[in-house]
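Below is one structure; the comments refer to it alone.
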Amino acid sequence: MEVVAVIDFETTGLSPAQGDRATEVAAVIVEGGRVVDRYQSLMNAGVRIPAYIEALTGISNTMVRNAPPAGEVMRDVSDFVGGIPLVAHNAAFDAKFWDGELARIQRSRSQDFLCSLLLSRRLLPLAPSHKLGALVEYAKLPVAGRYHRALADAEMAASLLVRLEEELRLRHRVPQVSVDLLRRIQRTPKAQLPKCLASAGGPSSSHRPDANRGG
DNA sequence: TGCCAGGCCCTCTTTAGGGCCTT
């Protein structure tokens with residue numbers, strides 16, 4: 001698969017439209033099935049983090065107060081990822097913050113997002129939950145650190161993406177996994193997935209749910 | 001004081017409702 005950047009934000013809440021801002025961002029570059037480069041930074045957007053978010057993430061108001069300004073961090077991280085495709089777990093969420101924080105520094109992104117949540121729902125349909133932590137446990141992926149910290153979550157989402165790529169190659173016998181194929185898979189309704197995979201070179205008859213996970 | 005998002009997907013559906021997932 002082509003090089004991609006898996007990103008993750010920690011934020012003050014769920015909605016930039018409601019005034020929520022990013023508090024931490026991480027991006028890991030995935031190439032050849034492994035992480036080859038990493039970026040991580042806390043960021044100071046000048047807004048207060050609610051107590052329940054501090055408890056959830058471990059990111060305190062004191063930590064963010066001493067962090068570099070949000071605009072500076074966003075310039076750095078957007079330069080770091082450049083124009084390569086972005087991936088996030090529940091990408092709709094991270095894309096809102098990515099676009100919102102970039103807009104504040106008069107930048108916009110040129111690439112689209114892949115979503116490891118949508119891909120997991122298609123390719124690991126038997127997982128009891130498609131939360132990132134539940135998928136890490138289900139697929140027996142390494143725990144990269146504390147959940148709800150940006151770099152650890154980005155690393156684990158990257159491991160998940162590599163696992164999904166393996167699922168396509170080994171179980172669905174797709175000879176060449178590309179970003180474009182992943183785009184098509186995440187847009188394809190579940191019922192039409194075998195047809196989608198068959199068109200990618202994997203025999204549709206080989207589509208079996210993830211019965212032999214972890215190996 | 002209390003409230004605040006939004007896209008995806010399933011089903012007791014499609015003229016809708018509600019759970020999941022992100023912080």
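Labels below follow one simple rule: chain letters A, B, ... track the order of the sequence lines, proteins then strands, and each chain is numbered from 1. Below, all heavy atoms of this structure are taken into account, side chains as well, without hydrogens, waters or symmetry copies.
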Rounded to whole Å, how long is the line connecting atom [atom1] of [X] with atom [atom2] of [N]?
| X | N | atom1 | atom2 | value |
| --- | --- | --- | --- | --- |
| A:Phe97 | B:dG7 | CZ | C1' | 15 Å |
| A:Arg122 | B:dG7 | CZ | C1' | 12 Å |
| A:Gln186 | B:dC9 | CD | C1' | 14 Å |
| A:Gln18 | B:dG6 | CD | C1' | 11 Å |
| A:Asp99 | B:dG6 | CG | C1' | 14 Å |

Problem - Flag side-chain contact, heavy atom, 4.5 Å: A:Asp8 against A:Leu151 - result: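 Not in contact.
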Using the [atom1] atom as the reference point in each nucleotide, state the distance between [N] and [M] in Å, no decimals.
| N | M | atom1 | answer |
| --- | --- | --- | --- |
| B:dG17 | B:dT1 | P | 33 Å |
| B:dT15 | B:dC21 | P | 27 Å |
| B:dT23 | B:dG7 | C1' | 16 Å |
| B:dC4 | B:dC10 | C1' | 26 Å |

Practice task
For A:Arg109, enumerate each residue passing the salt bridge (charged side-chain N to carboxylate O under 4.0 Å, His left out) test, keeping only those at least two apart in sequence or located in another chain.
Solution key: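 Listed in chain order: A:Asp99.
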Solution key, residues 18-25 of chain A side-chain donor-acceptor pairs under 3.5 Å, sequence neighbours excluded:
residue: A:Asp20; atom: OD1; partner: A:Thr12; partner atom: OG1; Å: 3.3
residue: A:Asp20; atom: OD2; partner: A:Leu14; partner atom: N; Å: 3.0
residue: A:Asp20; atom: OD2; partner: A:Ser15; partner atom: N; Å: 2.9
residue: A:Arg21; atom: NE; partner: A:Glu101; partner atom: OE1; Å: 3.4
residue: A:Arg21; atom: NE; partner: A:Glu101; partner atom: OE2; Å: 2.8
residue: A:Arg21; atom: NH2; partner: A:Glu101; partner atom: OE1; Å: 2.8
residue: A:Thr23; atom: OG1; partner: A:Glu10; partner atom: O; Å: 3.1
residue: A:Glu24; atom: OE1; partner: A:Arg149; partner atom: NE; Å: 3.0
residue: A:Glu24; atom: OE1; partner: A:Ala150; partner atom: N; Å: 3.0
residue: A:Glu24; atom: OE2; partner: A:Gln40; partner atom: NE2; Å: 2.7
residue: A:Glu24; atom: OE2; partner: A:Arg149; partner atom: NE; Å: 3.3
residue: A:Glu24; atom: OE2; partner: A:Arg149; partner atom: NH2; Å: 2.8

Completion exercise
Protein heavy-atom contacts under 4.0 Å, written 5' to 3' over nucleotides 15-23 of chain B as B (base), S (sugar-phosphate only) or - (none), form the string -----BBBB
Quick one: list whatever passes side-chain hydrogen bond (donor to acceptor under 3.5 Å, both in side chains) with [X], sequence neighbours left out.
| X | result |
| --- | --- |
| A:Arg183 | A:Asp112 |
| A:Arg107 | A:Ser78, A:Asp79 |
| A:Arg187 | none |

Handout entry: Under-4.0 Å side-chain N/O to phosphate OP1/OP2 contact, A:Arg187 with B:dC8
Key =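 For B:dC8, OP1/OP2 do not have a side-chain N/O of A:Arg187 under 4.0 Å.
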